[in-house]
Amino acid sequence: MKIIGTGSALPEKSVTNDMLAGFLDTSDSWITTRTGIHERRLLSTETLRELAMKAGRAALESSGVRPEDIDYLICSNVANSYVSPSLGSIILGPLGCCCPTFDLNGACAGLVYALDMADAFLKTNRARKILIVAAEQPSRFCDWHDRATSVLFGDGAAALVVTEGEGFIDFRLTGDTHTDVMYYKRSLEPTPYDRVEEKTTPLVMEGREVFRLAVEASIRDVDALLGRNGLTGADIDMFLLHQANMRIIECIRQHLEQPKEKFPTNIQHYGNTSSASIGILMDELSRAGRLKNGATLLLSAFGGGFVTGAALMKWSEIQYK
Ligand code: COA
C-alpha cells in the first residue's frame, strides 16, 4: 500500500491559552510548559461533517482519483452527534463516492488502525482505491469546567487516499484494557427491563497515568518495529508521532536519541486532534515539500482503550496543484 493523496481541514476559530484563562483557573504558562500547546482550533460556526468533507475532497483532488473510483471509505471518529448512521455514511454521498463505508473508533490511534485495515483490504483484493477520513471534535466530549482535560484538545480532520504500492513496510497494533484511565460515556435510552441508570459523563482522564502509558507504549511499538525490520532510530528520516503532549514526544525522542528535526510537531497550534493529528501533520509536511521521495517514516499513536498503532513506511512524493 502507498499513500497517493492527502488532505486536512481545521476550524477557523483559534482559541489561545489566554482566552481559556478568561473562564478557567489556568494560565498560558501552565498549559505551555506542561503540554507545549499555545492555541487550538475549535468548531464554532462550521460542523464536523464539513471539516471531514473538506479534508476528503482535498485528499481526492491531490490523488487524482475520481470519487466514483473509490471503492472503500474508512472513517475514523471517536464521537459525533450521530451514533447511526456512521460519519462515513453521512459524507459518502456528498463526496460523490458510492462504496461501502464504516466508522472505526480506535481513539487517537484510529488513523493507524484505518491504514492497517486498508492495507489488509488491498492485500486481499477487497478494494483498489481507499479513502480514509479521520475527523474529530474532542472539544464536544470535554467538560469545559475541567481545566485538566479541556485545555488539551482541538478539533480537526485529515484524509488520505491509498492504493497498491511499495510504501508501507510494517504495522504494529496493540490493545489493552485500561478503560478507567480515560473515558467518555454517553447515556443510552432507558428500557423497562434495564434499570441501570446511565448518564453522560464528559471525558474523565487520569493525566499522569495516561502520560506514563503513552510514553511506555509508544517506545515499545517504535522499538519493536525498528528491531524486527533490522533498523535503528538513525535509519528513520521522520517520526510522525501522535500530537498529544510535547513532553510525551520529547520523552520518545530522548529514548531514541535522535535530533529534534526528525520529530515535526503542530501541537503548538492545534492541540490534540485525536485520530486526525498524524494525518494533519502528514498533509502539512507533504504540501510543504518536507517529505522527500523514499524518506523512511515511522508513525506512532496511542489512545483511550488503551490502544496503540505504529507503522513503518517509505514516502512517495505527491504533486499538489
Ligand atoms: N491549569 C492550571 N493548573 C492545572 C491545570 C490547568 N489547565 N490542569 C491541572 N492543573 C493542576 C492540577 O490540579 C494539579 O494541581 P495540584 O498539584 O494542586 O493538585 C497540578 O496542576 C499538577 O497536575 P498534574 O496532573 O500532576 O500535572 P501533569 O504534569 O501530569 O500534567 C497533563 C497534566 C494532563 C498535561 C499530563 O498529565 C498529560 O499530558 N497527560 C497525558 C494526557 C494525554 O495525552 N491524553 C490524551 C491521550 S490520547
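Every number for a ligand or one of its atoms is a count from 1 in the order of the listing.
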Is there a donor-acceptor contact under 3.5 Å from the side chain of Glu136 to the main chain of Val78? yes
If you compare all heavy atoms of Glu284 against all heavy atoms of Asn266, which two are closest, and at what distance to 0.1 Å? OE1-ND2, 3.4 Å
N/O separation below 3.5 Å, Val210 to ligand 1: no
Of the non-hydrogen atoms in Asn17 and Ile37, which two are nearest, and what is the gap between them? ND2-O, 2.7 Å
Between Asn272 and ligand 1, which residue portion shows a heavy-atom distance shorter than 4.0 Å: side chain, backbone, both, or neither? side chain
Look at the rings of His178 and Phe306 and say which category their plane angle falls in: under 30° parallel, 30 to 60° tilted, over 60° perpendicular. perpendicular
Please write down residue, atom name and distance for the protein heavy atom closest to atom 22 (C) of ligand 1. Arg34 NH1, 3.5 Å
Are any of the N/O atoms in Ser27 less than 3.5 Å from those in ligand 1? no
Identity and separation of the nearest protein heavy atom to atom 45 (N) of ligand 1: Met205 SD, 3.3 Å
For Pro202 versus Cys142, what's the shortest heavy-atom pair and its separation? CB-C, 3.9 Å
Polar contact flag for Thr35 and ligand 1 (N/O pairs, less than 3.5 Å): no
Does Arg126, at its CZ atom, have more than 12 non-hydrogen atoms belonging to other residues, nucleotides or ligands within less than 6.0 Å? no
Per-atom contacts, ligand 1 versus His242 - under 4.0 Å to a heavy atom: 48 (S)
For atom 30 (O) of ligand 1, which protein heavy atom lies nearest, and how many Å away is it? Arg208 CG, 3.3 Å
Mark up the atoms of ligand 1 that fall under 4.0 Å of a heavy atom belonging to Cys108, in ascending order. 48 (S)
Distance to 0.1 Å, residue and atom name: give those for the protein heavy atom nearest to atom 44 (O) of ligand 1. Ala244 CB, 3.5 Å
What is the nearest protein non-hydrogen atom to atom 21 (O) of ligand 1, stated with its residue, atom name and distance? Trp30 NE1, 3.2 Å
Nearest to atom 1 (N) of ligand 1, what protein heavy atom do you find, and at what distance? Thr26 OG1, 2.6 Å
For the student: nearest non-hydrogen atoms of Asp235 and Thr296, plus distance: O-CB, 3.7 Å
Measuring from Ile219:CD1 to Cys251:SG, what's the distance to the nearest 0.5 Å? 7.0 Å
Please list the nearest protein heavy atom to atom 11 (C) of ligand 1 with its residue and the distance rounded to 0.1 Å. Arg147 NH2, 3.5 Å
Report yes if the side chains of Tyr82 and Leu87 come closer than 4.5 Å at any heavy-atom pair, otherwise no. no
Val161 and its side chain to side chain contact (heavy atoms under 4.5 Å, CB included) partner, picked from Thr6, Ile130, Leu131: Leu131
Report the part of Asn245 (side chain from C-beta onward, or backbone N, CA, C, O) that has a heavy atom under 4.0 Å from ligand 1; answer both or neither where that applies. side chain
For atom 40 (N) of ligand 1, what is the nearest protein heavy atom, given as residue, atom name and distance? Gly207 O, 2.9 Å
